[in-house]
Amino acid sequence: MNLLPTSTSTDIEEQQPSVAVLPVGSFEQHGRYLPLITDTAIACIIAREIADAYPVHLLPPVTVSCSHEHGSWPGTVSISAKTLFAVIEDIRASLARSGINKLVTVNGHGGNYVLSNVVQEANVDGPCMSLFPLSSDWERARQHGELVSDRHGDMHAGEVETSLLLHAAPELVRPGYESADHDGGPRRFLLSLGMSAYTESGVIGYPSYGTAGKGKAILTSLTESFAVHLEALGEEGWPEPSGPPSYIRSGVRKPQGEIGQKR
């Protein structure tokens, strides 16, 4: 699975994109069956589909972010919210120096709350930045994929995340998700107590419901939803995506068949 951008400076000069897309993931536990890099992989998968459908400048991902609620699990690595804020701002300023004045962050980790503040502050003098997907984008995608679980119950390493990886990167999914469902309950003090107060396995969600077919539908819906974000940034007249996903068009990889969801 190669999801890193391969454009040259000459490509960008010829294409003259006005919008850059930055995947922001995390490096945190996702139970025993999904890798630490899950959120980064998903952000990259979504960003790659967007770049295949729209003339944007695809950037490499931010791979470590704010995963402090997962800090008690081996392998999880975090940076502070202020560091992530500074990194995104530095990237935006660098892009502006090269003539790209609009940036969309594709966030793969729900704990990156600070990204909302980055976007709010950046847009004080006019729209130049968007956060994607929003809650409404995820809800639309869940409906399009006909998911069984709801957004609260399927918080982490569940139906959404498992489905997306079964579809786009099945080699990253290990056996065990079929029997790993866990209901974490209300989770009222998640910010104070962390994930370990609500799950021993690291899972809060229903991965057993995950299928490649649902992942494909989720990704298609998210790619279509991106057009509205471009309009919000003043980028009008861009066509909505059409045709099969990029990995089918390119023939690079074949998704695993259905086997039976994202914070």
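All residue numbers in this chain count up from 1 along the given sequence.
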The side-chain hydrogen bond (donor to acceptor under 3.5 Å, both in side chains) partner of Ser18 among His57, Glu235, Lys102 is Glu235
Check: His152 main-chain N/O paired with Arg187 side-chain donor or acceptor under 3.5 Å: yes
Distance col, row Tyr209:OH vs Asp154:CG, nearest 0.5 angstrom, shows 10.0 Å
Give a yes or no on whether the backbone of Ala217 and the side-chain of Ser221 come within a donor-acceptor separation of less than 3.5 Å. no
Between the CD1 atom in Ile88 and the CG atom in Asn117, the distance rounded to the nearest 0.5 Å is 12.5 Å
Test of understanding: clusters of I, L, V, M, F, W, Y form through side-chain heavy atoms closer than 4.5 Å, transitively. Do Val106 and Ile100 belong to the same one? no
So do Pro207 and Asp181 actually touch side chain to side chain, heavy atoms under 4.5 Å? yes
Whether the side chain of Gln29 engages the backbone of Gly202 through a donor-acceptor N/O pair (distance < 3.5 Å, no angle test) should be reported. yes
Check the pair Ile46 / Phe226 against side-chain contact (heavy atoms from CB on, under 4.5 Å), numbers first and verdict last. CA-CA 10 Å; Ile46 296 170; Phe226 188 76; over 6 Å; no
Is the ring pair His30/His70 parallel, tilted or perpendicular, if the boundaries are 30 and 60 degrees? parallel
Is a donor from one side chain sitting under 3.5 angstrom from an acceptor on the other, for Ser201 and His182? no
Can you name the closest pair of heavy atoms from Glu161 and His156 and give their distance? OE1-C, 3.8 Å
Whether Asp11 side chain and Thr8 backbone form a donor-acceptor pair below 3.5 Å: yes
Glu178 side-chain N/O to Gly176 backbone N/O, donor-acceptor pair under 3.5 Å: yes
Identify whether Val104 and Val228 are in the same connected component of the hydrophobic contact network (ILVMFWY, side-chain heavy atoms under 4.5 Å). no
With no hydrogens and no angle check, is any side-chain donor or acceptor of Ser78 less than 3.5 Å from a backbone partner on His68? yes
Ignoring hydrogens, what is the shortest heavy-atom contact between Tyr198 and Arg188? Give both atom names and the distance. OH-N, 3.7 Å
Could you go through the side-chain contact (heavy atoms from CB on, under 4.5 Å) check for Val203 and Tyr177 one step at a time? CA-CA 10 Å; Val203 178; Tyr177 70 90; over 6 Å; no
Yes or no on side-chain hydrogen bond (donor to acceptor under 3.5 Å, both in side chains) for Ser130 and His229, after CA distance, side-chain angles and deciding distance? CA-CA 7 Å; Ser130 186; His229 289 255; 2.8 Å; yes
Are Ile37 and Leu22 connected, step by step, through hydrophobic side chains (Ile, Leu, Val, Met, Phe, Trp, Tyr) whose heavy atoms are closer than 4.5 Å? yes
Are the side chain of Tyr54 and the backbone of Thr223 linked by a donor-acceptor contact shorter than 3.5 Å? yes
Scanning both residues in full, the closest heavy-atom pair of Leu36 with Pro74 reads CD2-O, 4.2 Å
Shortest non-hydrogen contact from Val21 to Ala47? CG1-CB, 3.8 Å
For a 4.5 angstrom cut-off between non-hydrogen side-chain atoms, does Thr38 reach Leu172? no
Between the main-chain N or O of Ser196 and the side-chain N or O of Thr199, is there a donor-acceptor pair closer than 3.5 Å? no
Do Leu190 and Met155 have side-chain heavy atoms sitting under 4.5 Å apart? yes
Are Ser136 and Glu139 close enough, and set up right, to give a side-chain contact (heavy atoms from CB on, under 4.5 Å), and what steps lead you there? CA-CA 5 Å; Ser136 56; Glu139 189 58 41; 5.6 Å; no
Verify, without hydrogens or angle tests, whether Arg48 (side chain) and Leu4 (backbone) share a donor-acceptor contact under 3.5 angstrom. yes
Taking atom CD as the centre, does Glu89 end up with more than 12 heavy-atom neighbours from other residues, nucleotides or ligands that are less than 6.0 angstrom away? yes
Flag side-chain contact, heavy atom, 4.5 Å: Pro55 against Gln15: no
Distance from Asp52 atom CG to Leu58 atom CG, nearest 0.5 Å? 8.5 Å
Rounded distance (nearest 0.5 Å) linking atom CD of Glu171 with atom CG of Leu165: 8.5 Å
Joint hydrophobic cluster, Ile50 plus Val24, side-chain heavy atoms closer than 4.5 Å: no
Scanning both residues in full, the closest heavy-atom pair of Gly25 with Thr40 reads CA-OG1, 3.4 Å
Taking all non-hydrogen atoms of both residues, which atom of Ala169 and which atom of Ile45 are closest, and how far apart? CB-CD1, 4.5 Å
Can Leu95 be reached from Leu131 by stepping across I, L, V, M, F, W or Y side chains whose heavy atoms are under 4.5 Å apart? yes
What verdict does the side-chain contact (heavy atoms from CB on, under 4.5 Å) test give for Leu115 and Val119, after you've listed the backbone C-alpha separation in whole Å, the side-chain angles of each residue and the deciding distance to 0.1 Å? CA-CA 6 Å; Leu115 293 180; Val119 172; 5.5 Å; no
Spatial distance of atom CD1 (Ile204) from atom OG (Ser149) [nearest 0.5 Å]: 13.0 Å
Beyond-backbone contact of Pro5 with Pro60, side-chain heavy atoms, under 4.5 angstrom: yes
Please round to the nearest 0.5 Å and tell me the distance separating atom OG1 of Thr211 and atom NE2 of His167. 10.5 Å
Of Asp39, Thr76, Asn107, Asn112, the residue whose pairing with Ser26 passes side-chain hydrogen bond (donor to acceptor under 3.5 Å, both in side chains): Asp39
Heavy-atom donor-acceptor pair, Asn123 side chain to Met129 backbone, under 3.5 Å: yes
